[in-house]
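Everything below concerns the one structure shown next.
Per chain, numbering begins at 1; letters A, B, ... match sequence-line order.
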Amino acid sequence: MKTQEYHNHEEQIIDMLTPKVEVKPSDDLRERILNAAAQQATTKPRKSRLTYWIGAATSMAAVVAIAITFMLNTPAYAARKYFSTAIIAAQEAKTLIMKLSVRTAPDEPIDYINPSLDFIPATVKVIYGEPMLWSIEKKDGRKVLYKGADAAGDYVYQWIGGKDGRTGWKFNHNGYSTDELEAMLDPRILLEAERRTATRNKGTNYEVLDLGELVIVRVSTTAQGDYSKSDYMLNTSLAEANTIREYSFSKQTGLLWKMRIIIPNDKQPITIVESESIDYNQPLSVDNLYDKEQFSNITFNNVYFEQGQSSPLTGITADEAAKIILEAMGSWDSDILDTAMYYYKGDLMTQIEKKYKGLQVQSIEKSFKSGLYAGRFVKCKVVLADGTKENLTLALRNDNKNKVWLVDGGL
Amino acid sequence: MKLNSGTNIKQLSQWIDEWQEQLFRYAYFRLGNRSDAEDVVQDAFLKIASTTSAIANPKAYLFRIVANGCVDSLRHKSRLKPLEERTSATIPSHSEEMEAEEEFRRIERLLSHLSEAQTEVIRLHIHAGLKFTEIAEMLEEPVTTIKSRFASGIEKLRQQFIN
């Protein structure tokens, strides 16, 4: 006979198996189903809806875009189906070489965009496998590389400065977070993100156009992040911009054939990223991913930061940290700067010392958050040693183990 | 509007109102993400709306289609497993969604100790809130078999985690 203790244990197990989080379908699921059912009812029986509409589309001029969203129930639903097909089609790919044009600055982070800048060529190369090996290169600018684990360790390398670059950073590959542009390493990741966003993001709209041999899926999204306090970060990365993302899929292969990212603008939409070519299964080896000679001349600093709690840059606000750091730059206090400027090493630090040593702080404003940035921004006015006045917006972050404020950008 | 010989919009609306949450909860804790779960649920309602033959037990029918849809979706996902693992770390997520996904993974780890037949009954009973008689009808098995699968699954976990 089962004892009370036994029953208690059973209840414990059932409790462990019971979700502690309540999940509910999206508010609009009911409406989506009813709309789709109504559309479904209007199609002729005995003939597949897909066949019917593709047949109709191919009989018209290819340049006439036909909205076919209704044949797959709702635009988001239709888009998800195309994303899924492309993901499966790309599953067999062994390599990818994608050439892009991006409005960005060469040395800025890979995901940085700026609608007012000219296009810069960028190349993405990927060798699919376990692990996936890859590189992203902005022409004469920042490069990011993962060439697999070797005797030096298992790192993702990043460096800037074109051919003369001497400073780089290395990140532990395990746990390295890819940002928006790096998701382009694997169009499947991008498409998977899009597929999942299709339901999650309430601010997303979908349009599906049939152009004969191609299907275009157009995704309109609003910027992610919090801009209630400041729009400083708005339009600085793809995730932090209102964008229209346009994916062209080959109907024959299902593969992603072309992509374009546009920022809608009151006057005229601005294309931010455009693929020039997407080639799958071209011969590619690890040696083709990067310039070995240049790589061997670079000193890579490990970005894993750990600082004792005794640092003066802990337990204070970002604006207080900015004051300490700028004053330390004035007197060039290496004790403080070695910590605060952890991400600035080698020739980069030499350049900063040359420019900012001897500065005087004029004013520091209250720090603010913007967009998706994990840290805070601090606007400061300084006078350089040669008398030049400069306005800075320091990016400071303290999302490390001991909450030490570090300079992450703005110099 | 008439959808087919047996279903009209009003009827479909009633079914959605009555069962979409249960179906979604079941699909969510089977698949681990909202968009897949909603796709499967939507497909099930569209299928029932387009079925021309009369359906004796629409609830059991819907759960059967959602269960089959989940299996298809998981089969598709298993081909993409390394990709899913990579994307899970990169896609921005609402915190509630992240909590739910974490909860999904926690329960999946527990259920991984059991047979598929046991987990299915546990999911349908605990996650979907179906009675044993409803599960029996849906799976076309005797109620005693369903109860026995549930009990043996719980017992296995009890031995694993409590003894």
A:Lys20 side-chain N/O to A:Asp15 backbone N/O, donor-acceptor pair under 3.5 Å
yes

State, yes or no, whether a side-chain contact exists between A:Val144 and A:Trp134 at a heavy-atom distance under 4.5 Å.
yes

Which atoms of A:Gln12 come close to chain B, meaning under 4.5 Å heavy atom to heavy atom: side chain ones, backbone ones, both, or neither?
side chain

With a 4.5 Å heavy-atom cut-off (strictly below), which parts of residues 122-140 of chain B touch chain A? List them by number.
B:Ile122, B:Ile126, B:His127

What part of B:Ile16 lies closer than 4.5 angstrom to a heavy atom of chain A: side chain, backbone, both or neither?
side chain

In terms of side-chain geometry, is the basic nitrogen of B:Arg158 or B:Glu155 positioned less than 4.0 Å from the acidic oxygen of its partner?
yes

Just so I know, are the side chains of B:Glu120 and B:Arg30 near enough to count as touching, which here means a heavy-atom distance under 4.5 Å?
yes

With a 4.5 angstrom heavy-atom cut-off, which part of B:Glu21 approaches chain A: side chain, backbone, both or neither?
both

Geometric class of the A:Tyr247/A:Phe249 ring pair [parallel <30°, tilted 30-60°, perpendicular >60°]
parallel

Answer yes or no: is there a side-chain heavy-atom contact under 4.5 Å between A:Ile272 and A:Thr243?
no

Would you confirm whether B:Lys156, through its side chain, and B:Leu114, through its main-chain N or O, come within 3.5 Å as a donor-acceptor pair?
no

